[in-house]
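The structure appears right after this line, and notes come after that.
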Amino acid sequence: MYMEQSFLTSFAYAKINLALAIGGIREDGYHELQSVMQSIALHDIVRVRRSGEKVICRCGALSGPDNLAHKAAVLFQEQCGQFGGLEIEIEKHIPIQAGLAGGSADAAATLRLLNRLYEEPLNREALLKLAGRCGADVAFCLFGGTMWATGRGELLELLPSAPTLNLVLIKPFAGVNTSEAYRQFDSLGQSGHLSRTDWEKVLAQGSAQQIAGLLYNDLEPASIHLVPQILKFKQLFIEAECHGALMSGSGSCVFGITQGKQHALEVAEQLRKKGFYNVWVTRTVADI
């Protein structure tokens, strides 16, 4: 008798960029970048099991072969010479078009789960390489923590772990399409540069205020041009006495670094009272 296999389950943690500097365009059409990437507790839940004849990905309106998790599963099977049906179920909590790498986090969790399901055919290096083929943020989302990212975001080096930062996230109703943000950036054309040494120093010291002082995102002006509400939300966080506020990635989500957990709950409450509903209270997480 055929026994139905049970699901393997993993959290898929979102990320924020504590800093993002954009350089020139590379030969592959991507921009060269530098970033300080950080995992946060906000997460989707991904479940995977062997089932049927083909790969099926269920994720509400984002179901089907266009989902990055589906693509990651197909690439994984091809690489390992493992074929057969898979069922992927994704419970979404990370908003889309927010700059929080929700799709990448789901793809990374799928790769981790498949590696367990097939009894670890890929080592860490091989997994990272495969993740890089799936998308720029997938490699970071595999292991998470606090990382220095270069290239198009796939070249990762460890940084000192960030202290626990209590955060409030808010997303404007409108999302930002990443390609659109980069197009806008290219027309405005203000490239910046990050100092890795400065970041290593403030992360090691573990002061939320000092980290807030280094927050930086080259894509902000471009995305604010597309979704002006981003700027308004940044100002609301500053008015609420957060240590600092920044748009994550290409947006449209904005995060505020609060003075502690209680302050985070109060800030979120204030925002909801003003009629904003896409508000989350979360914190940084060390690794996955």
Who are the salt bridge (charged side-chain N to carboxylate O under 4.0 Å, His left out) partners of Asp44, not counting sequence neighbours?
-> Lys92
Please lay out, stage by stage, how Ile211 and His243 fare under the test side chain to side chain contact (heavy atoms under 4.5 Å, CB included).
-> CA-CA 9 Å; Ile211 288 169; His243 293 312; over 6 Å; no
Under 3.5 Å, side chain of [X] to main-chain N/O of [Y], donor-acceptor pair present?
| X | Y | value |
| --- | --- | --- |
| Lys15 | Gly99 | yes |
| Ser35 | Ala19 | yes |
| Asn217 | Gly249 | yes |
| Ser223 | Ser250 | yes |
| Gln38 | Val285 | yes |
| His263 | Ala240 | yes |
| Thr146 | Ala162 | yes |
| Thr284 | Pro163 | yes |

Side-chain heavy-atom pair [X], [Y] within 4.5 angstrom cut-off:
| X | Y | value |
| --- | --- | --- |
| Arg112 | Arg116 | no |
| Tyr216 | His193 | no |
| Ser6 | Arg49 | no |

Test Val36 against every option in Leu20, Asn17, Leu214, Leu159 by the side-chain contact (heavy atoms from CB on, under 4.5 Å) rule and name the one that passes.
-> Leu159
Is it the case that atom [atom1] in [X] sees more than 12 heavy atoms from other parts of the structure closer than 6.0 Å?
| X | atom1 | value |
| --- | --- | --- |
| His225 | NE2 | no |
| Glu241 | CD | no |
| Arg272 | CZ | yes |
| Phe83 | CZ | yes |

Salt bridge (Lys or Arg N to Asp or Glu O under 4.0 Å) contacts in which one or both residues fall within residues 147-171, not counting sequence neighbours =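 For residues 147-171, and leaving out neighbouring residues, the salt bridge (Lys or Arg N to Asp or Glu O under 4.0 Å) pairs sorted by first residue read Glu157-Arg196.
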Restricting to non-hydrogen atoms, name the atom on [X] and the atom on [Y] that form the minimum distance, rounded to 0.1 Å.
| X | Y | value |
| --- | --- | --- |
| Leu156 | Ala139 | CD1-C, 3.6 Å |
| Cys59 | Asn67 | CB-ND2, 3.7 Å |
| Phe237 | Ala245 | CB-CB, 3.6 Å |
| Phe76 | Pro121 | CZ-CG, 3.9 Å |
| Asp218 | Ser191 | OD2-C, 3.8 Å |
| Cys242 | Thr258 | SG-CG2, 3.9 Å |

Aromatic rings Phe11 and His43: how do their planes relate, parallel, tilted or perpendicular, breaks at 30° and 60°?
-> parallel
Stepwise side chain to side chain contact (heavy atoms under 4.5 Å, CB included) test for Leu167 and Ile257 = CA-CA 5 Å; Leu167 306 166; Ile257 298 178; 3.8 Å; yes
Do NZ/NE/NH1/NH2 and the carboxylate oxygens of Glu87 and Arg47 come within less than 4.0 Å?
-> no
Verdict with reasoning, Val176 to Leu219, per side chain to side chain contact (heavy atoms under 4.5 Å, CB included) | CA-CA 11 Å; Val176 171; Leu219 285 180; over 6 Å; no
Working for side chain to side chain contact (heavy atoms under 4.5 Å, CB included), residues Leu169 and Phe233 = CA-CA 10 Å; Leu169 270 53; Phe233 286 153; over 6 Å; no
